[in-house]
Amino acid sequence: GVIPDLGSHLLDTLLFWMGKPALNCQLYEANCWENKAPDHCSFGLQGDVSWHFELSLLSWRNHFYADVFAEHGSAHIDSLCKWGPSTFTYRNRVLPSGRPDESASVLIQSDPTWEAEWTYFKTLCETAGNNIDNDIWINTQLNHLMSQAKLRHAAQQGSEETSEELA
């Protein structure tokens, strides 16, 4: 399903950007529209900083976006260059209110991640380093989300069977 398939990448991005949060992920929604396993879901972490993720296998074209909102402005990523142009937009908040100053830059290039990942992997091999703690945390979160999705699915199946019995 979509949770381990794409969720692992988003949780890895979270670790890269912010480090390991002290909270566990909570499932908000899990749907099995075209598959027996969840093919669309949303989950997040709520705390001093809130993270909200949405994953789908239902799109014919991959898309990535990230919105970061803060006290003095916001930053927005629209798509990754591996799928076409990537746009980074920064908005500087105007207080007490008003249209924010905005700057945007577009990046058009082939996918830079493979080379960077290969270099990182080689460095880990050369230095006997690892990031197993991150992998364990990601796996724990994915298992937690999948358990929540299974419980939700079982509850939905039970309520559908009850509805059929009443009809």
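Throughout, numbering of the chain's residues begins at 1 and tracks the sequence.
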From OG (S8) to CG (N139), nearest 0.5 Å: 10.0 Å

W118 side chain near E115 side chain, heavy-atom distance below 4.5 Å: no

From CD (Q26) to NE2 (H144), nearest 0.5 Å: 4.0 Å

Any K20 side-chain heavy atom under 4.5 Å of L14 side chain: no

Validation row: E54, F43 side chains within 4.5 angstrom (heavy atoms): no

Any S110 side-chain heavy atom under 4.5 Å of K82 side chain: no

Note, L57 side chain near L6 side chain (heavy atom, < 4.5 Å): yes

Interatomic distance, L15 atom CG to D133 atom CG [nearest 0.5 angstrom]: 10.5 Å

Nearest heavy-atom neighbours spanning N31 and E29: ND2-OE2, 3.1 Å

Polar side-chain atom of S50 near backbone of Q46 as donor-acceptor pair, under 3.5 Å: no

Between SG on residue C25 and CG on residue L145, distance to nearest 0.5 Å: 5.0 Å

Atom pair CG (L23) and CG (D48), whose distance is rounded to the nearest 0.5 Å: 8.5 Å

Under 3.5 Å side-chain donor-acceptor pair for N143 and Q141: no

Residues E34 and H40: side-chain donor-acceptor under 3.5 angstrom: no

More than 12 heavy atoms from other groups under 6.0 Å of CZ on F69: yes

Donor-acceptor contacts, no H, no angles, side chain residues 83-95, under 3.5 Å, sequence neighbours left out:
residue: S86; atom: OG; partner: S79; partner atom: O; Å: 2.9
residue: R91; atom: NE; partner: E102; partner atom: OE1; Å: 2.6
residue: R91; atom: NH1; partner: H76; partner atom: NE2; Å: 2.8
residue: R91; atom: NH2; partner: E102; partner atom: OE1; Å: 3.4
residue: R93; atom: NH1; partner: E71; partner atom: O; Å: 3.2

Plane angle bin for F53 and W51 - parallel if under 30°, tilted between 30 and 60°, otherwise perpendicular: parallel

Residue pair C32, H153: steps toward the side-chain contact (heavy atoms from CB on, under 4.5 Å) verdict: CA-CA 9 Å; C32 302; H153 183 68; 4.2 Å; yes

ILVMFWY network linking F16 to L142, side-chain heavy atoms under 4.5 angstrom: yes

From I132 atom CD1 to D135 atom CG, the distance as rounded to the nearest 0.5 Å: 5.0 Å

Close side-chain approach of L11 and W137, heavy atoms under 4.5 Å: yes

